[in-house]
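Only a predicted model underlies this, so the values are computations on that prediction, with no experimental measurement involved. All chains are named by letter (A, B, ...) in the order of the sequence lines, taking the proteins before the strands, and each is independently numbered beginning at 1.
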Protein chains: 2
Amino acid sequence: MSINADTKDRILATARELFHGRSYADVGIKEICTLANVQKGSFYHFFPSKQDLAMAVIDDMSDDWAQGFVAEAFDEALPPIERLDYMVDAIYYWQKAAKSAEGRMPGCLFGNLALEVSTRDEVLRARLNAVFDKASASFHKALEQAVELGEMPPLDTAATATAMLAYLEGVILLAKTRNDPEVVRILGPAIKSIRIELRHPN
Amino acid sequence: MSINADTKDRILATARELFHGRSYADVGIKEICTLANVQKGSFYHFFPSKQDLAMAVIDDMSDDWAQGFVAEAFDEALPPIERLDYMVDAIYYWQKAAKSAEGRMPGCLFGNLALEVSTRDEVLRARLNAVFDKASASFHKALEQAVELGEMPPLDTAATATAMLAYLEGVILLAKTRNDPEVVRILGPAIKSIRIELRHPN
DNA sequence: AGTATATTAGACCGGTCGGTCAAGTCAAGG
DNA sequence: CCTTGACTTGACCGACCGGTCTAATATACT
């Protein structure tokens, strides 16, 4: 039981790293197997298809995020607005570390996959969409609390939360294209300036 | 001369459509040739490699943009801030039209390619980066004029311009993942709320 | 011990990939 | 008329793709 779990985890971890560092299409199952020290037959014992592997990778990373620094950043002990800065900082240091390790800024796995596969694979698209919804919910909660505490004037918290997530993804996209994490540090904090007013504030 | 130019243009137009609608890796040269009614040998007469084709597609699209609705949106006759709304509207209608034609929101060709290839292909990455720089410059000019005209309080126009571009790309990314152009219409206008203050406003 | 089951091993499959190449077609210029 | 060089044709290449399959092996239960 520990052996197979280990094998599956090794596949998952390797796939995640490769998908994140390159792309879905560019990484073959053979390469994943070689790097994970697993044979093809074993791979297809655990994952029925490459698509299923991708699903598992998305879920895996999403869980790690939720339990990792997203949980830290959106800790309710922090003042709501500081959570946004925490999130930006976390992304900055992460991407910076990844770049000095691999030489390239990998960007956001979810964003990368979303743009690559969402015109071609409904199942993966839906999954990625759910990940974004979940992320947006964290922003939403923080904004609601910020308004409640009077730290922010009232606004359309749901729309603004999504807008903030979009901004982060956009900043990461640009930073990756420049291959320069500093873009995140410089542009990131402006996330706090984004506002969408209430439609009918009567 | 008209024949060969036609062939090259047909390849370019077909490749652009396919790359935009799907992805770089997912579209093969054979498919492009078939759809463009061109033989493989002819293809390689005009383009030394798939990478060269991608470069040409990027340049082609970039030119069309610059001469097309980017030129319209950033027309100096328009009040600077209205140019931002014009840009958002243009993207919205474009994506909406594309979706009703193909069933899927293709998103931004440059953003798509950037996330897909920039960890793997320095040449394409640099080209895409240049496209973004050029786009950012349009925003920059608009912001400078807005400040000059007193329509906006002073701010770090260069950084804010890049932030606005990032925001747009992020909004398109999210909209594509949702496969819903309405995201652009709802989140887009908040581009005007983004601000990065001057570092040393003393 | 014996048997069922989960896992591993790795050869193998048809198909596609980007790219090459030799043999031509064709129009323009001398 | 003949040569030149741009363009086209389509067969061909080795490599790799995702995925299958059979046989061997480790593990778990009775």
Atom pairs and distances, side-chain donor-acceptor, residues 61-70 of chain B, under 3.5 Å, sequence neighbours left out:
| unit_1 | atom_1 | unit_2 | atom_2 | d |
| --- | --- | --- | --- | --- |
| B:Asp64 | OD2 | B:Arg16 | NH1 | 2.9 |
| B:Asp64 | OD2 | B:Arg16 | NH2 | 3.1 |

In 5'-to-3' order, the base (B), backbone-only (S) or no-contact (-) status of each nucleotide in nucleotides 15-22 of chain C, using a 4.0 angstrom heavy-atom cut-off, is ---BBBB-
Side chain to side chain contact (heavy atoms under 4.5 Å, CB included) filter on A:Asp89, not counting sequence neighbours, yields A:Tyr93
When rounded to whole Å, the CD to C1' distance for the pair A:Gln39 and D:dG19 reads 15 Å
N/O donor to acceptor pairs below 3.5 angstrom from side-chain atoms of residues 161-171 of chain A, sequence neighbours left out:
| unit_1 | atom_1 | unit_2 | atom_2 | d |
| --- | --- | --- | --- | --- |
| A:Thr162 | OG1 | A:Ser136 | OG | 3.3 |
| A:Thr162 | OG1 | A:Ala158 | O | 3.2 |
| A:Tyr167 | OH | A:Leu187 | O | 2.5 |

Applying side-chain hydrogen bond (donor to acceptor under 3.5 Å, both in side chains) to A:Glu148 and not counting sequence neighbours gives none
Whole-Å distance, A:Leu53 CG to D:dG19 C1', equals 14 Å
Applying side chain to side chain contact (heavy atoms under 4.5 Å, CB included) to B:Lys141 and not counting sequence neighbours gives B:Glu76, B:Gln145
